[in-house]
Amino acid sequence: MLHAHLGRQAVVIGAGIGGLAAAGALSELFDRVVVLERDNLPSEATPRPGAPQGRHLHGLLAGGHQALCALFPDLEKDLARAGAIPVRVSRDFCENGPESDRPRRDLGWSAYMLSRPLIELVIRGALARLPNVTVQPQCRVTALLATPDGRRVVGARYAAPGSSEETIAADFVVDVSGRGFPTLALLQAINRPRPREMEIGVDLSYATAIFSVPRSQRFDWSVVLTHADAPHHGRRGVLCPIEHNRWMVTLVGRGAEQPPAELDGFMAYAERLAKPTIHDAIRNAKPIGDIARFGFPASVRRYFDADTIPDRLIVMGDALCRLNPAYGQGMSVAACEALLLKRVLLTRRDEREPLDGVSVLFHAQAQSVIDGPWQLAALPDFAYPCTRGQRPDDFEQTLRFSAAMRRLAFHDPAVDRLMTEVAHLLKPLSAYQDPELLRRVGAELTA
Ligand SMILES: Cc1cc2nc3c(=O)[nH]c(=O)nc-3n(C[C@H](O)[C@H](O)[C@H](O)COP(=O)(O)OP(=O)(O)OC[C@H]3O[C@@H](n4cnc5c(N)ncnc54)[C@H](O)[C@@H]3O)c2cc1C
């Protein structure tokens, strides 16, 4: 049932996490929502070429989980039915720091562990139950269409299987294509400037292997996070349970440190992490399939404003901001943006032309969704001398502040909870501005 009627047809480009979330957000506001996806979408939870990162570990933060549940009310049940594994945040996590392990406390909420292809499959299943949403696979958008004056987007052209090119009319278009090429090509075609970009070059390398969970061994954790020892080395590792009684193990390196894609090299790299927990767990486990690799050159953030973005066009997800995956935020930020879009659209429901002006409004407000995750994920990269980009003036101060917060959290469950809530996008970074907390951090810094 429509919550409010804002238009006839909305088109979403891309059926990644952001595109699926956007389709859920628009479904109650438009007669029809069409998602155009260039890939053939599998009927099982298997990786696909258009989302190659799907072969690597994808954690869903509590803030992203909440946003997705607000868009798809049955999601929690759907995830459990599909085989996602609930783990208690912090309590079930063995988090190895270079100096000490993080205390394990029950913070009162669970996270679901599953592969990225299964997350997509579950959300596609939820969308399939909405009669006015169609996901069209094998449809690659080749161009966005605008009015002759370039002010407003009116549709898209796409290459469909078995035909040359098709045109689709749209009252509203959301570009969630990962790189945003359709939008950038349109801006060039209508002589608008490219959006301002901020880039932080990190040159991360990922290698991911899947193992059967050994029956013979018992562990007192469900997830292992072994952090890098910045600035001495950038080697990191994460082990997570995924559906069908498997572990997914992702190893990460920085610059010339690259985790290998053959098993012996992979194991040797795991052995050289700051702590042996992951290596000890997998050394007797049976590997399944090949080891996948991925290169992540840079975090990129784009700023769209009235000069750049035409009306009725929204850019979301990685196309708007590609975050360093170390903090597992990308899917969650995309889900929060989709929820924001729905809220912004709902504020326009009584306007005579409710869709006019939404683009500028959304992109201005989306920055507040992105600011916190960007600071959390991108700024610590500057601890490594090889990182490229504009180091913030207050970087050293921010680094000292974070270290002091971690020391406080070690002993104080309330600070630990707050840091975890911020990391999970449940609270904004501004929660750290509490006067009493600032006083304690100040005392810690001068101790
Ligand atoms: C190695 C790695 C690990 C990560 N780990 C995590 C994690 O633990 N947790 C987390 O939350 N995030 C993680 N991320 C980030 C996450 O993958 C992205 O932030 C998220 O997928 C963004 O969603 P999106 O919908 O914007 O883009 P995508 O999921 O990339 O989807 C874009 C879609 O658009 C389609 N497409 C592209 N062009 C066209 C076109 N012209 N026409 C039609 N379709 C098109 C593509 O085929 C694709 O399906 C990780 C990323 C990497 C690289």
Side-chain angles (χ1 to χ4, degrees), residues 11-23 34-42 47-65 67-68 111-117 119-120 123-124 135-144 156-160 168 173-186 202 204-208 223 225 236 238 240 242 248 250-252 259 292-300 314-338 370 373 377 424-425:
V11 167
V12 175
I13 307 170
I17 300 298
L20 299 174
V34 179
V35 182
L36 300 172
E37 166 56 51
R38 70 178 174 192
D39 270 358
N40 192 12
L41 295 169
R48 57 190 178 83
Q53 73 271 39
R55 296 192 65 188
H56 301 270
L57 209 141
H58 268 66
L60 184 59
L61 301 176
H65 180 91
L68 287 174
Y112 280 93
M113 300 291 151
L114 66 167
S115 68
R116 150 83 191 238
I119 304 176
E120 284 191 8
I123 306 179
R124 286 207 300 274
V135 179
Q136 290 185 201
Q138 291 181 283
C139 293
R140 185 173 56 84
V141 171
T142 52
L144 288 174
R157 219 173 15 242
Y158 63 97
I168 185 168
V173 174
V174 184
D175 181 350
V176 214
S177 63
R179 296 291 181 268
F181 292 142
T183 295
L184 297 181
L186 173 72
V202 287
L204 300 179
S205 301
Y206 280 74
T208 295
V223 178
L225 304 167
R236 263 187 326 110
V238 189
C240 262
I242 58 167
M248 189 177 255
T250 291
L251 302 179
V252 188
R293 295 199 65 191
F294 195 96
F296 183 90
S299 307
V300 181
I314 298 289
V315 182
M316 266 181 36
D318 276 16
L320 182 59
C321 180
R322 197 155 71 244
L323 292 149
N324 177 342
Y327 294 78
Q329 301 164 318
M331 297 188 299
S332 295
V333 169
C336 292
E337 288 165 357
I370 297 167
H424 274 259
L425 313 184

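Both counts, for ligands and for their atoms, begin at 1 and track the order of listing.
Checking only distances, H56 never comes within under 3.5 Å of ligand 1, N or O to N or O. In terms of N/O distances under 3.5 Å, ligand 1 is approached by G18. Of the polar atoms of G328, at least one N or O is found under 3.5 Å from an N or O of ligand 1, judged by distance alone. Between R116 and ligand 1, at least one N/O pair is under 3.5 Å apart. Checked against a 3.5 angstrom limit, the closest N/O atoms of E120 and ligand 1 fall outside it.
For ligand 1, the atoms sitting less than 4.0 Å from at least one non-hydrogen atom of F294 are 53 (C), numbered in the order shown with element in parentheses. Those atoms of ligand 1 with a heavy atom of G50 less than 4.0 angstrom away are 46 (C), 47 (O), 48 (C). Close approach of ligand 1 to I17 is summarised as follows: ligand atoms under 4.0 Å from at least one heavy atom of the residue are 25 (O), 29 (O). Less than 4.0 angstrom separates some heavy atom of G59 from each of these atoms of ligand 1: 7 (C), 8 (O), 9 (N), 10 (C), 11 (O).
Scanning both residues, L144 and L186, for their nearest heavy atoms gives O-CD1, 3.6 Å. Here the closest non-hydrogen pair linking V176 and G19 is CG1-N, 3.5 Å.
Under the rule for a side chain to side chain contact (heavy atoms under 4.5 Å, CB included), the partners of T250 that lie at least two apart in sequence or sit in another chain are H56, L57, Y206, T208, V252.
Of the listed residues (I13, V11, V34, I168), just one forms a side-chain contact (heavy atoms from CB on, under 4.5 Å) with Y158, and that residue is I168.
Here the side chain of H58 pairs no donor or acceptor atom with the backbone of R116 at under 3.5 angstrom.
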Run the side-chain donor-acceptor check on residues 318-328: report pairs under 3.5 Å with partners two or more places apart or on a different chain.
unit_1	atom_1	unit_2	atom_2	d
N324	OD1	A326	N	2.8
N324	ND2	D381	OD1	3.0
N324	ND2	D381	OD2	3.0

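Among Q53, E37, M331, the residue whose heavy atom lies closest to atom 30 (O) of ligand 1 is Q53.
With respect to the salt-bridge test (charged N to carboxylate O, under 4.0 angstrom), the residues R124 and E37 do not qualify.
When only non-hydrogen protein atoms are considered, atom 19 (O) of ligand 1 lies nearest to D318 OD1, 2.6 Å.
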